[in-house]
Amino acid sequence: MICRILLLITLTSCVCGTFVVNVTQSSYQAEENQNITLEWTFTIKKETPLTSLYILCELFPNDPNAPTLFQLHEGVEVPESQDEHFAGRVQFDKDVLREGRIRLHVSRLRTDDSGLYLCEVNTNYGWNICK
Ligand SMILES: *[C@@H]1O[C@H](CO)[C@@H](O)[C@H](O)[C@H]1NC(C)=O
Ligand SMILES: *[C@@H]1O[C@H](CO)[C@@H](O)[C@H](O)[C@H]1NC(C)=O
């Protein structure tokens with residue numbers, strides 16, 4: 001049986017000063033076991049060293065223990081911070097980070113992946129969150 005699931009990213013207030021975190025698509029719909037690519041964009045300066053980037057992306061469900069989808073610390077992926085819920089199912093596209101894109105391929109979707117996702121981006125020239 002294939003359960004229909006809905007992965008939803010809603011675009012809310014993503015602007016804070018001049019540092020912008022945005023989504024390229026506000027909602028995604030997929031079926032169980034399919035793959036999906038979630039993408040956020042953020043203001044990037046040409047000379048930004050990747051080591052000044054801190055990123056945290058999580059599923060933001062109703063319960064307070066939001067499972068971590070992805071974390072980047074000083075430009076380096078922190079796989080051990082990833083929640084068991086997403087273990088082995090998230091691939092980060094490092095090549096597009098320089099363009100200010102956080103691209104996450106999530107595979108083998110489960111019904112409990114449904115919900116609101118957020119990414120928080122911190123740099124030495126600003127920070128913001130986009131849901
Ligand atoms: C966010 O992205 C949407 C769609 O790509 C675009 O229309 C909108 O202008 C962007 N907002 C900001 C603040 O960059
Ligand atoms: C889904 O992603 C997995 C892991 O990256 C890959 O092995 C598989 O071929 C993908 N399936 C589809 C239908 O793209």
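Values below: all heavy atoms of this structure, side chains included; hydrogens, waters and symmetry mates excluded. We count ligands from 1, going down the list as the structure has it; atoms in each ligand are counted the same way.
Contact of the Leu72 side chain with the Leu97 side chain is registered, since non-hydrogen atoms from C-beta on lie closer than 4.5 Å.
Legend: residues meeting salt bridge (charged side-chain N to carboxylate O under 4.0 Å, His left out) with Asp83, ordered by chain and number and at least two apart, are absent.
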- Val20 vs Thr43, side-chain contact (heavy atoms from CB on, under 4.5 Å): CA-CA, chis, key distance, verdict: CA-CA 5 Å; Val20 176; Thr43 308; 3.6 Å; yes
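Residue contacts with ligand 2, taken as heavy atom pairs separated by less than 4.0 Å, involve Gln91 solely via side-chain atoms from C-beta onward.
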Using a 3.5 Å cut-off and no angle test, enumerate the donor-acceptor pairs between side-chain atoms of residues 48-57 and protein atoms at least two apart in sequence or in another chain.
| from | atom 1 | to | atom 2 | distance (Å) |
| --- | --- | --- | --- | --- |
| Thr48 | OG1 | Lys45 | N | 3.1 |
| Thr48 | OG1 | Lys45 | O | 2.7 |
| Thr48 | OG1 | Tyr125 | OH | 3.4 |
| Ser52 | OG | Pro49 | O | 2.8 |
| Tyr54 | OH | Glu74 | OE2 | 3.3 |

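Here the heavy atom of the protein found nearest to atom 13 (C) of ligand 2 is Asn35 ND2, 4.4 Å.
Distance check on atom 7 (O) of ligand 2: every protein heavy atom falls at or beyond the 4.0 Å cut-off.
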